[in-house]
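Presented below is the structure to which this report refers.
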Amino acid sequence: MDVLLHLADGILVALSPINLGLAFLGVVIGLFVGAMPGLGSVNGVAILLPFTFVIQQITGTATSPMIFLAAIYYGAMYGGAISSITLGIPGASTAVATTFDGRPMALKGEAGRALVIAALASFAGGTVANVIFTGAAPLLASVALKFGNPEIFALMLLAFATFVGLGGDDIPKTMISIFFGLIVSAVGFDIISGTPRLLLFDSTVWFSRGIQFLVLAIGVYGIGEMLWTINAYRYDMEMTKAKITLKDVGTSILRFREAWKGTAIGSLLGFFVGILPAAGATPGSLMAYGVSKMTSRDKSKYGRGHPDGISAPESANNSASTGAMLPMMTLGIPGSPTTAVLLAGMVIWGLQPGPRLFTDQPDFVWPLIGSFYVSNAIAVAVNLAFIPVFLWVLRMPFTILAPLIFVLSVVGIYAAYQNIYDVWLMLFFGIGAFLLRILDYPLAPAVLAIVLGPIAEPTLRQSLILSDGNLSIFITRPIAGPITIVAIILILLPLYGMIRRKLKNNGRGGLTV
């Protein structure tokens, strides 16, 4: 009952004129950011994070800027499907699975129906996740109060183990990506001794403050994605010719019941994948698509415009985006690259994400949770109403869009730090991310390792100081022990599978010879 009272109070705060206006503005921005190829929620939130300082100065609270950024996150999850369906180009990685059936449905002249399915499935996924979040967050927060340095490091180890499992069959490249991220996170000064580390050319200007995460995020997901899109499509994008009216939208809403199964699978699966550190919406949407196809009676229809092939990934990525907020708020662990940016924003605003956030900052937490419900309702209404407009906007040639992405990225970094060195670093990371993608290296493990590295290192070293260097502290403690064991198993299983496949392939090669 107390939870419902807190939620009601939070929704009332979220519905205040200033917060409602910020939620609406954030959703609209997020829809267009998510729809534009090469952008996405990470870049949108990262670019606009510096502008939230103005919001904080006007409102005098950290709640309003966080509502604004969370609304962008929500809107971008909706918007990613737009370019996936109309152009066959995912606006973000979270909408990759939507292209599998969304684009074929659009090519059959049913782009309006596909966009409606995506919008309603997103709403359903977000609603289910919000309900679970409201009930689970206080419980998880109370459990998290028992976490010390060994338990937090065990969670970091589990997150890194999750990276290995999410990297596909090429485990060495995934681990190289993780190690690269950890090296970048160590740049600066040692947290205990104060000794300079990895300061190239004895520089005290470029690297003494470490690598700012916003520099990395905008470089990788702004400049890098822009270069990748230019290289992959060479401006040869097939624009949609579909014309959609509001009447068509209404008809498609009535037919949404045909996509209920994929929506149910994505809503539930997406949330529980989203709460895993380093998982997030992209693997959640892909897994939901796979499970939906696996449980379908007619698998041959998938890839040709099946409604569940759209509803499953779209409900999953919205549900996962809310799920990723859970470990960020209750444990201080970002569940996705976007929540890593949000985590940075909370720290900048003087908040301490973690076990005590719910008890120490209830005036921040419950209005934010209430804004999830408000933003979700705003997003589905705006998305349905503006479907005809989205198709018109996406006819913009990428020759115009690419310079806009570049300008926004440069302005965003300079506005945040007012330092030209950070702009150059952003460009360097963007080019580096582009080259890594060409070499088929996964970027997400590196990005999240950079975020979690500064958390993992001090908790590891402080735990070892507490135990006089005895590693058994991560096994013998009642909470850290099971988490560490699960992490080790998750690391060893993919390695075992990789070695087994190599031995089998070598054996076949020997027989052939």
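Just so you know, these numbers come straight off a predicted model, no measurement behind them.
- Side chains of D308 and S292: a donor-acceptor N/O pair is absent below 3.5 angstrom, by distance only.
- Expressed to the nearest 0.5 Å, how far CD1 of I310 lies from OG1 of T98 amounts to 8.0 Å.
- Separating the CD1 atom in I265 from the OG atom in S311 is a distance of 8.5 Å, to the nearest 0.5 Å.
- Using modelled atom types, one finds no donor on one side chain facing an acceptor on the other under 3.5 Å when comparing Y373 with T127.
- Two residues are said to be in side-chain contact when any heavy atoms from C-beta on lie closer than 4.5 Å; E258 and H306 fail this criterion.
- Checking Y289 against D101 by side-chain atom types alone, a donor-acceptor pair falls below 3.5 Å.
- Side-chain N or O atoms of N317 include one that pairs as donor or acceptor with a backbone N or O of P313 at under 3.5 Å.
- Considering all non-hydrogen atoms of both residues, P362 and P367 come closest at O-CD, 3.7 Å.
- With rounding to the nearest 0.5 Å, the separation of CG in L342 from CG in L69 is 6.0 Å.
- Of the residues V365, L368, I55, the one that meets the side chain to side chain contact (heavy atoms under 4.5 Å, CB included) test with M66 is L368.
- Neither side chain, S371 nor Y74, offers a donor N or O lying under 3.5 Å from an acceptor on the other.
- Interatomic distance, F68 CZ to T63 OG1, rounded to the nearest 0.5 Å: 15.0 Å.
- Scanning both residues, G430 and L227, for their nearest heavy atoms gives O-CD1, 4.2 Å.
- Here CG of N383 is found 7.5 Å from CG of L115. Values are rounded to the nearest 0.5 Å.
- For the pair L384 and I253, the minimum side-chain heavy-atom distance is below 4.5 Å.
- Each of V13, D9, L15 was checked for a side chain to side chain contact (heavy atoms under 4.5 Å, CB included) with I11, and the lone residue meeting it is L15.
- At least one side-chain heavy atom of M426 sits less than 4.5 Å from a side-chain heavy atom of V410.
- Side chains of N376 and Y78: a donor on one and an acceptor on the other come within 3.5 Å.
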- Starting from the C-alpha separation in whole Å, work towards a yes-or-no answer on side-chain contact (heavy atoms from CB on, under 4.5 Å) for F406 and L427. CA-CA 10 Å; F406 180 81; L427 296 176; 3.6 Å; yes
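- Shortest non-hydrogen contact noted between S375 and V27 is O-CG2, 3.8 Å.
- The two residues G370 and A14 make their nearest non-hydrogen contact at C-CB, 3.9 Å.
- Taking all atoms of both residues into account, the shortest heavy-atom contact from M105 to P307 is CE-N, 4.1 Å.
- Shown here for G102 and A114, the closest heavy-atom pair between the two residues is O-CB, 4.3 Å.
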Between I378 and L20, is the side-chain contact (heavy atoms from CB on, under 4.5 Å) condition met? List the steps.
CA-CA 9 Å; I378 294 174; L20 185 61; 3.9 Å; yes
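- Put simply, the side chain of S315 never gets that close to the backbone of G125: no donor and acceptor are under 3.5 Å apart.
- To the nearest 0.5 Å, atoms CE (M325) and CD1 (I369) are separated by 9.0 Å.
- Using a 4.5 Å heavy-atom cutoff, the side chains of F256 and V116 are not in contact.
- When F271, W366, F372 are each tested for a ring pair (Phe, Tyr, Trp, His ring centres under 6.0 Å) with F133, only one passes: F372.
- Of the N and O atoms on the side chains of N318 and S321, not one donor lies less than 3.5 Å from an acceptor on the other residue.
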